[in-house]
Amino acid sequence: MFPELNSILNSTPDSFKSSDFILVSDRRANASFLIQHYLAFYLRAGCKVCFLGLVQSFSHYSAVGQRLGVSLAQAREKGQLVFLEGLKDSIGVLLQEDTSHETQPLSYLRSPGAGLEGLFRFVERSMRQSGDGDAGESWGPPVLLIDDLSVLLSLGVSVGAILDFTLYCQATMCSELQGNMVILVRCEEEDADDDDDEEGSNLLQRGLVHQCNLALHVEGLPTGYCRDIHGQMEVWWRQRGETIYNQRKIFHFKVHDKGASFFARGTSSAVL
Amino acid sequence: MAAPCSNTLTSFQKKTRSKLVSIPGTRPSVQNGQLLVSSGVSSLDYSFFHFIGSLLVMEDRYDSYSRMLLKYFLAEGVVCGHELFLASARDHPDDIIEGQSQPSDPENPGTMKIAWRYQNQPKVQTALASSVRFGHYYDVSKTMEPELRQAAKCHSFYQLQETPVTTGSSPLPSPYHALLKSIQTVIRKEGFDGSTPQSKVRNVLRLGIHSLGSVLWGDDVCCKDNPAHCHALTTFLYILRGLLRTSLSVAMVTVPSHLIQNRAVMGRIIRLSDTAIALESFKGSEETNPLYKDYHGLLHVRQLPRLNCLSCEVPDTKDLAFKLKRKQFTIERLHLPPDLSETVSRVSKTELAAGCGTTAMGNKHLDF
């Protein structure tokens, strides 16, 4: 969990907005450190978290989580964390001709054209289960985290099917269950004459940005590579209920081993 | 206050945690203890880490140097005693394996005759090298001795000799599916995923896949605008990533980028890999930039690996170039060659005049 990011977004594990849809995106950079932040944030806040880890192994998130002060293994044992390990489970689905019902969430691998209903049912089931831990404690509002959604495009799922999935998730998680949703989408470079964009991640990102309440977009510095400033993050406060904020701010950041620091443009410690 | 002990000064005993698995040819990273292997090129090892469980993708326009790097990677595996798996659709895997280079000592600088005082001075560190030597050097002018090569256990997959298998309902075309099954079988049978108890010392599997994505793999993503299998290559890489993460293996894949014109597909390939580099050779181009005089090409780092850690080791600069000097392939930071022309220390008066503009005439009395 990054304290500076908490103060920028004005939220702490003790007090944060509910029914929030946060979209994290990046272009030619890697914004997965923000997903790690939210994972640690919501686990600390005592929420029930459903994490769709589609691109890294559980041990990767666990190792980073340790650095940020949360134990994923413990959270999973207690029932606070439901983790879908996409990479490991996909091998069985695609190579083993196994059609048992446990592989339903990843059914899009075998038939990408059929959509993501199986995945949605998995999310819904995990969130609607009574969230009582071993000690009888009940968890906070449910949270859905996805890392990352754009990999589904590489596996043949269409943009339309993914947008349908996020709409269903938002209706269930945010409106019905008063929970939050944080999704990572990785985009390609904008290309003016790119005709293939009907299938592209840029279209997905644009579609999702209209649905979300808060958009964090990470890019490299426009001036080129720098060792001390790893990139810039644009925070776009969009809408909240009936109010439309539409406020944008850009920050620079540097990712360390145990966290990340954010600062206003031009105030990096390497420069001052 | 510590209770006094009769025999020893202190009763403190360090707990030895030997949790780090020790495998020949690997070393733990200083940053997070993650196991690393050498790629066979020491300057490449310095640029970024080669984690076990990671996938490296190499783009090369004309496949000239990427093939050489693949051979270095496999040769390093032979020398370290790792197991190899090589898959290829164009050249027979045996040809690639037989073409590996012989390990040798690094070039020793000869003794100097005139400037002997400077003999013991450290050389300028433009070539990337770390103080801890990891990996071996190879002499590209000599092929590896057969005894050394045959001592290594090697599995190969040659697409043209495989019988096509009907894959049923798999969205992957037959060659990719067969290759993945073959890799999975080797991992299971040899125990790289920990499924079979390894009575022998644990080992690493090095996977090399040559020219993935070309038409010889049954993939038409490179040659058609609307390919029938536009997601086959990316799905293959996704499953390969999963296999690598769940076993003690590391993979190097070369992709002929001149065949893949679709930048969206290349972007997805880069994001599905851990490390992605692109080699841009100057061969065939009329490159007259003096900056590139000593080099054979540029090395672009498209993506750095980020395994089990929040941030990866960040290099000083991403301007890297490579050259093949006599026997070795090295990667260096791009820098200007020393200016050895005669006029280097004397600025001619006309140049000075041109630079100073209107005050040129007035400065005459200041010229010594």
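Residue numbers start from 1 in every chain, and the chains themselves are labelled A, B, ... in the order their sequence lines are given, proteins ahead of strands.
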Exercise for the section: Starting from the C-alpha separation in whole Å, work towards a yes-or-no answer on side-chain contact (heavy atoms from CB on, under 4.5 Å) for B/Leu243 and A/Leu87. Expected result: CA-CA 8 Å; B/Leu243 285 170; A/Leu87 280 177; over 6 Å; no

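- For the atom pair CG (A/Leu94) and OG1 (B/Thr235), the distance works out to 7.0 Å, reported to the nearest 0.5 Å.
- Expressed to the nearest 0.5 Å, how far OG1 of B/Thr234 lies from CG of A/Leu155 amounts to 6.5 Å.
- In terms of non-hydrogen atom pairs under 4.5 Å with chain A, the most contact-rich of B/Leu272, B/Leu237, B/Ile239 is B/Ile239.
- For B/Arg306, there are no salt bridge (Lys or Arg N to Asp or Glu O under 4.0 Å) partners, not counting sequence neighbours.
- Considering every non-hydrogen atom in both A/Val64 and B/Leu310, the closest pair reads CG1-CD1, 3.4 Å.
- Within the 4.5 angstrom heavy-atom criterion, only side-chain atoms of A/Arg67, from C-beta onward, approach chain B.
- Pairing each heavy atom of B/Arg268 with each of A/Ser154, the nearest pair is CD-OG, 3.2 Å.
- A/Lys258 touches chain B through its backbone: at least one of N, CA, C or O sits under 4.5 Å from a heavy atom, while the side chain does not.
- Distance CG/B/Asn308 to OG/A/Ser57: 6.0 Å, rounded to 0.5 Å.
- The side-chain hydrogen bond (donor to acceptor under 3.5 Å, both in side chains) test applied to B/Ser54 returns no partner, not counting sequence neighbours.
- A side-chain contact (heavy atoms from CB on, under 4.5 Å) with B/Arg245 holds for exactly one of A/His60, A/Glu85, A/Gln56; it is A/Gln56.
- Nearest approach of B/Thr246 to A/Lys88, heavy atoms of both residues: CG2-CG, 3.8 Å.
- The shortest heavy-atom contact between B/Arg271 and A/Ser201 is NH2-OG, 4.4 Å.
- The SG atom of B/Cys309 sits 14.0 Å away from the NE2 atom of A/His256 when rounded to the nearest 0.5 Å.
- Between B/Tyr238 and A/Ser90 there is a side-chain heavy-atom pair separated by less than 4.5 Å.
- Looking at every heavy atom in both residues, A/Leu95 comes nearest to B/Lys181 through O-NZ, 2.9 Å.
- Contact annotation for A/Val151: only side-chain heavy atoms (C-beta onward) come within less than 4.5 Å of a heavy atom of chain B.
- Judged purely by atom type and a 3.5 angstrom limit, B/Arg241 uses its side chain to pair as donor or acceptor with the backbone of A/Val55.
- Looking at A/Leu54, the atoms closer than 4.5 Å to chain B (heavy atoms on both sides) sit in the backbone and in the side chain alike.
- Atom NE2 of B/His231 and atom CG of A/Leu152 lie 11.5 Å apart (nearest 0.5 Å).
- Summarising the local packing, CD of A/Glu117 is surrounded by 12 or fewer heavy atoms from other residues, nucleotides or ligands at distances under 6.0 Å.
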